[in-house]
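All remarks here apply to the structure that follows.
Indexing begins at 1, ligand by ligand and atom by atom, following the structure's order.
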Amino acid sequence: MELKLEQITKQYGKKTVLQGISTTLSAGVYGLLGPNGAGKTTMISILIGILRADQGTVIFNGENIALLGTAYLDKIGYLPQYPIFYKNFRVDEFLKYMCAVKGIPQKQVKTRIEEVLELVNLTDAYRKKVGALSGGMRQRLGIAQAILNHPAILILDEPTAGLDPTERIRFRNIIARLGKDKLVLLATHIVSDVEYIAKEVLIINEGKLVLQGKVEQLEATIAGKVWHVLVEEAELEQWVEKYQVRNIKRQGAKFQLRIISDHRPEGEANLASPTLEDIFLSLFP
Ligand SMILES: Nc1ncnc2c1ncn2[C@@H]1O[C@H](COP(=O)(O)OP(=O)(O)OP(=O)(O)O)[C@@H](O)[C@H]1O
């Protein structure tokens, strides 16, 4: 399976929101990272076929999606950034409704609903009202509806916003499992959501694809530039002014600073292993 973006460009009025995005994606989890307003949701809207690019094409398995029409939509599962749930529906009623929307044959509905609820660990919530679910359970229900039609491509826009750490990990595990046979594109600005599960990370800023690669490849781009330095409290302010300080952690009477710098900072400085968050923050301080 292959999804290819060729020179995707989109403008809203005079503002160019996507500028010549080109990439090729296949099965596996991809993290789409970028600061607020980078163009993630616009790119997703084009990929799920609800928005046309001004220029460029999206090609699914060798065919232009603009010509595939609903045959392409059948391949897509989508969880929007702000999903609207009908709170008075029960979970099973909501999923039956979504099966009808997606044209799933009546004979398959019951089995398919049981399968997707099991996949997202919501079997026990079958008869619960959607309004009674926690935020995390509701997001998992969002995934359940997105995969009802066995999509080849699953697109999730900021799926973990507002989730507690336990739910975030649970969610991450579900996504990793789904990525074994689907192309999963997960847009987020929470770097840790994708750090451990993404096959590749795409970083966009101001509508341009600025970096793409495996997490280790991206981390290698700032190897030798991430430092830990121990400083006194009285010196903190001058360090923060002089260096790009990523993190400050109290260590006994002193403070440990995580710094991104091309050169070894003065004082007690030790090299640290780079993380994806270091890259993100070095690009968007
Ligand atoms: N319908 C629209 N009309 C005009 N401008 C828009 C429209 N939708 C988005 N924009 C602008 O396009 C830019 C990219 O927005 P987009 O929502 O794609 O970014 P994003 O990376 O998803 O941001 P966030 O993380 O905040 O959701 C922003 O400057 C936004 O204000």
Go through ligand 1 atom by atom and flag the ones less than 4.0 Å from a non-hydrogen atom of [X].
| X | value |
| --- | --- |
| Thr41 | 17 (O), 18 (O), 20 (P), 22 (O), 27 (O) |
| Lys15 | 29 (O) |
| Ala38 | 19 (O), 20 (P), 21 (O) |
| Thr42 | 15 (O), 16 (P), 18 (O) |

Looking only at heavy atoms, is any part of Val17 under 4.0 Å from ligand 1, and if so is it the side chain, the backbone, or both, or is it neither?
-> side chain
Which part of Gln81 is near ligand 1, with near meaning a heavy atom under 4.0 Å away: side chain, backbone, both or neither?
-> side chain
How are the rings of Trp239 and Tyr243 set relative to one another: parallel (under 30°), tilted (30 to 60°) or perpendicular (over 60°)?
-> parallel
Within the supplied structure, the quantity of interest is the number of heavy atoms (other residues, nucleotides, ligands) at a distance under 6.0 Å from [X] [atom1]; does it exceed 12?
| X | atom1 | answer |
| --- | --- | --- |
| Lys102 | NZ | yes |
| Tyr12 | OH | yes |
| Glu206 | CD | no |

Rounded to the nearest 0.5 Å, what's the gap from CG on Leu154 to CD1 on Ile48? Could you check?
-> 11.5 Å
dist Glu268:CD -> Lys254:NZ (nearest 0.5 Å) comes out at 4.5 Å
Under 4.0 Å from atom 9 (C) of ligand 1, do we find at least one protein heavy atom?
-> yes
Measuring to protein heavy atoms, does anything land under 4.0 Å from atom 31 (O) of ligand 1?
-> no
Tell me, please: is Gly39 in heavy-atom contact with ligand 1, that is, under 4.0 Å?
-> yes
Ligand 1 contacted by Glu158 (non-hydrogen, < 4.0 Å) = yes
Give the residue and atom name of whichever protein heavy atom lies nearest to [atom], and the separation in Å to one decimal.
| atom | value |
| --- | --- |
| atom 26 (O) of ligand 1 | Asn36 OD1, 3.2 Å |
| atom 24 (P) of ligand 1 | Gly37 N, 3.7 Å |
| atom 25 (O) of ligand 1 | Lys40 NZ, 2.9 Å |
| atom 1 (N) of ligand 1 | Tyr12 CE2, 3.7 Å |

Is there a side chain to side chain donor-acceptor pair (under 3.5 Å) between Thr123 and Glu118 once you walk through the steps?
-> CA-CA 5 Å; Thr123 303; Glu118 196 179 330; 5.3 Å; no
So, Gln55 versus Gln7: side-chain donor-acceptor pair below 3.5 Å or not?
-> no
State yes or no: are the ring centers of Phe280 and Phe284 separated by less than 6.0 Å?
-> yes
